Each structure stands twice: as C-alpha cells, then as structure tokens.
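Below is one structure, written out as structure tokens; comments come after it.
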2 protein chains.
Amino acid sequence: MKWHDLNNDTCPLARAMGAVGDRWTLLILRECFLGVRRFDGFQKRLGVTRHLLAERLKRLEAMGMLERRPYQERPLRHEYRLTASGKSFAPVLLAMQDWAQQSLPSDAPAPFTFVTRDSGDEVCPVVTDRHTGQELNHRTVLMVPATAAAAKVIEANRPAQPPDTKTGSD
Amino acid sequence: MKWHDLNNDTCPLARAMGAVGDRWTLLILRECFLGVRRFDGFQKRLGVTRHLLAERLKRLEAMGMLERRPYQERPLRHEYRLTASGKSFAPVLLAMQDWAQQSLPSDAPAPFTFVTRDSGDEVCPVVTDRHTGQELNHRTVLMVPATAAAAKVIEANRPAQPPDTKTGSD
DNA sequence: ATATTAGGTTCTATTTTAGAACTCATTATC
DNA sequence: GATAATGAGTTCTAAAATAGAACCTAATAT
C-alpha cells in the first residue's frame, strides 16, 4: 500500500495519517499555533531540511490547513497562516500533548503550555461527550464496526461475551 | 535531524511524533481498539508489509503500549494486547477521528464508530477543561512558550498587542 | 505426502528523507 | 561600487525507510 492511498481511505483515522502521519507535519502545525509564519522561522525552529519544509508547507496549503499570503512585495514574500480548517486541529494537539506528557514522560519540562485566553490559566484537557458531558476514554467508550446498527447489537451482546471475544474490551 | 532524536525531545508533541508519527503505528493501535490481537489479523486488515508490521509491533511493545503474551503453546503463539498506557491513547483517537471527519471528509461512511459502553449511543467527542468544563479549541486556548510564567505575562499583554504579533491568535 | 495456518525473517527495488550547496531578488554594509 | 546578508525557496547526492515478494519453522488438517 502506498502513502497516497491513505488519503482516500474510508477510515477517518487513515485519512488523518495521510494528512499528518509523518514526522514533520504536526510539528509545523505546532509552530503555526505558536505564531510562526515564515519559512525560515519554521526551518530554524524545527531543524527540518528546507527541501522537506517546502514540500510540507505546499501539502498543508493544498489540504486547506494553511494559506499562503504575501506580506510584502519587492521582493515578494509570503507567509503561512492557519485557516479555519487548520485551527480546528487544536483539540487534537491538546489531546496528544496531554497523552504524551502522561505516557512519554521526559525529565525536561515542556517548552510550551496551553492556557485559556480569558484567564491565562493552564488548561487540563479531557475528552468528553458534547451531549452528556461524560468523560470519554477506554473505560467509557467502545470502538465498533459501523456495519448495520452494530453499536446497539454488540452492546446487547456484551454481558455474555465469550472469553476470546474481539470486541475491544481489552 | 534523525527520527530517533524526536523520542528525547523536550516537546511532548515531538515525542508523540517519535512514537506514532508514521503511517502505520496509529492504525495498528486502531485495530487493537477494534479487538485485533494477532499478527496475521493486523496484516490482513491493514495491508501493511509483514516486515514493517513486525517492526512496529516490537516498537509498540518496547514503548509499553502493547504487551506480547502467549495464547497457546505447541506451537508457541503470541498475541498483542493494549496495556494501560496503550489504552490511554483512546482520547487521542477520538479527537483525531472527529477532526478528520470534519476536515478530511469522504463520500464513504466511516467503517467504525465510537459508542459509549453503557448506552451504546454514538459519542460526540469534544475536548474540554477538566476543572472548568469549558470547551477547548483555538478560540478559547492559546499556546504559549513555557518560559518563566509566560502564560500570565503574555495574557496581560494581549489587550494591546501589535499588529504583527506572534502569539498565535491567528 | 501435501497443504494450510501462524508468526515471523530475509531479500531486492523503490520511495523518502537528510544534509549540504546553489539560486534569485532585494536591501544593508564596507 | 563591491560584498554580505536576508528570505524563500530549488537542486543535488547519500542515507534511511518502506514496499513487495519469497522464504523459514513448527504444528495441525486433508
């Protein structure tokens, strides 16, 4: 299977990997959220090769996550800014940063934090259900194949499941 | 910069990319959450080469996200199961799946969904603050460098920011 | 005796990535 | 006026990762 094929996969997570499933793309987005907008800014802060950076910026622009706009003429220069679609990636960054701090600890402190815009306090991200407010994690949610109302059916079968079940409870 | 260096970066997001920043690792985890446990199960469902799959499973085990345990002897066979650390990745999957469905739409429906274990209803994931319950997104949070109480300081400066600010507000 | 299943390993060929050097237009400095 | 610096790339070669297929081993099934 090729890289490119992921972009058209029916699975949203596969498409997400087609979009940000490489070493640099997500880190470029991180820099965008930190306010970096220019080619050399990304390059110096990330240490990515100029070649790859140019390619990744093009791809992010093609995906509609960044827009390239002139910030001066003579010589013409462009900067890269998050689009609405790019900004919508923030919750993923929050969830991932929180996970990494828990599960991939480091002795050095994180070089940045997320704070609320109104109080300035550091946030403590948790994924919840929009309607019930319930916290969502492996104890409260289950991933089920979407075949024919599978959710309810599988759920109904859960109390009497066989020992080698594959419902993802473990 | 090399692949390996990311694993020791001070930035949690960089370490996360060292861990799952390739095409396959996150999809292998997805299969784990769907209940797949065996080598050939992963291989057939993902279409990943056996070579890479073996390497990725080893890496996930080394990271402590999967554990390899025998499920039969003669011939000895092992299966891979999510550890507590692996299970803690669920919220990232939720956030990422939600983002991808919004921002990388497909005409085909997703092959799986997340449902709550108690009601079986499909969930609607949203990242919130554990303490205030506030929804966290680009409008409500700001990413700030962690230098010397930067959060409060930067926040205090926000009302009078210059036009070409780099605080990540756009 | 032969085929199948399960879980890999080994091989070559292709694709990606790293790293450095080069380009081009403009502005700043000696 | 010549030289250097800035900013945003592009072009090269070498190294690394990935794809794809074939092979291996141990046991069971036909």
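Keep in mind that this is a model prediction, so the values were computed, not measured. What's counted below: heavy atoms across the whole structure, side chains too, no hydrogens, waters or symmetry copies.
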| message | Which is more 5' along DNA chain C, the nucleotide nearest His51(B) or the one nearest Arg74(A)? Just name the residue. | response | His51(B)

| said: Rounded to whole Å, how long is the line connecting atom CD of Gln72(B) with atom P of dT5(C)? | reply: 14 Å

| request: Find out whether the Lys NZ or Arg CZ of Arg38(A) is both under 6.0 angstrom from the six-membered ring centre of Tyr71(A) and within 45° of the ring's axis. | output: yes

| query | Taking everything shown except Glu73(B) itself, do over 12 heavy atoms lie less than 6.0 Å from its CD? | reply | no

| Nearest-Å distance for atom pair CZ/C1', residues Arg59(B) and dG8(C) | 18 Å

| field | Cluster check Leu93(A), Val126(B): I/L/V/M/F/W/Y, side chain < 4.5 angstrom | value | no

| message | Heavy atoms from C-beta onward define the side chain here; which of dG9(D), dA18(C), dA27(D) lies closest to that of Pro75(B)? | response | dA27(D)

| Length of the NE2-P vector between His78(B) and dT25(D), whole Å | 19 Å

| said: Taking any heavy-atom pair under 4.0 Å as a contact, classify Phe42(B): base, sugar-phosphate, or nothing. | reply: nothing

| In terms of side-chain heavy atoms of Tyr71(A), which of dT18(D), dA6(C), dA8(D) is nearest? | dA8(D)

| request: Using a strict 4.0 Å threshold on nitrogen-to-oxygen distance, state whether Asp22(B) and Arg59(B) make a salt bridge. | output: yes

| Would a distance-only check, ignoring hydrogens and angles, find a side-chain to backbone donor-acceptor pair under 3.5 Å from Glu55(B) to Lys58(B)? | no

| Could you state the CG-C1' distance from Leu52(A) to dA8(D), rounded to the nearest angstrom? | 16 Å

| query | Under 4.0 Å: is that the gap between some side-chain N or O of Arg77(B) and OP1 or OP2 of dG8(C)? | reply | no

| message | Tell me whether the side-chain N/O atoms of Lys58(A) come closer than 4.0 Å to OP1 or OP2 in dT10(D). | response | yes

| Euclidean distance, atom CZ of residue Arg23(A) to atom P of dA15(D) [Å, nearest integer] | 17 Å

| Atom-pair distance (CZ on Arg56(A); C1' on dA18(C)), nearest Å | 12 Å

| field | Value in whole Å for how far the C1' atom of dA6(C) lies from CG of Asp40(B) | value | 5 Å

| Nearest-Å distance for atom pair CG/C1', residues Asp22(B) and dA19(D) | 14 Å

| query | Of all the choices, dG9(D), dT18(D), dG8(C), which nucleotide is nearest to the side chain of Arg50(A) once you look at every atom? | reply | dG9(D)

| query | Between Arg68(A) and dG9(D), is there a side-chain N or O to OP1/OP2 distance below 4.0 Å? | reply | yes

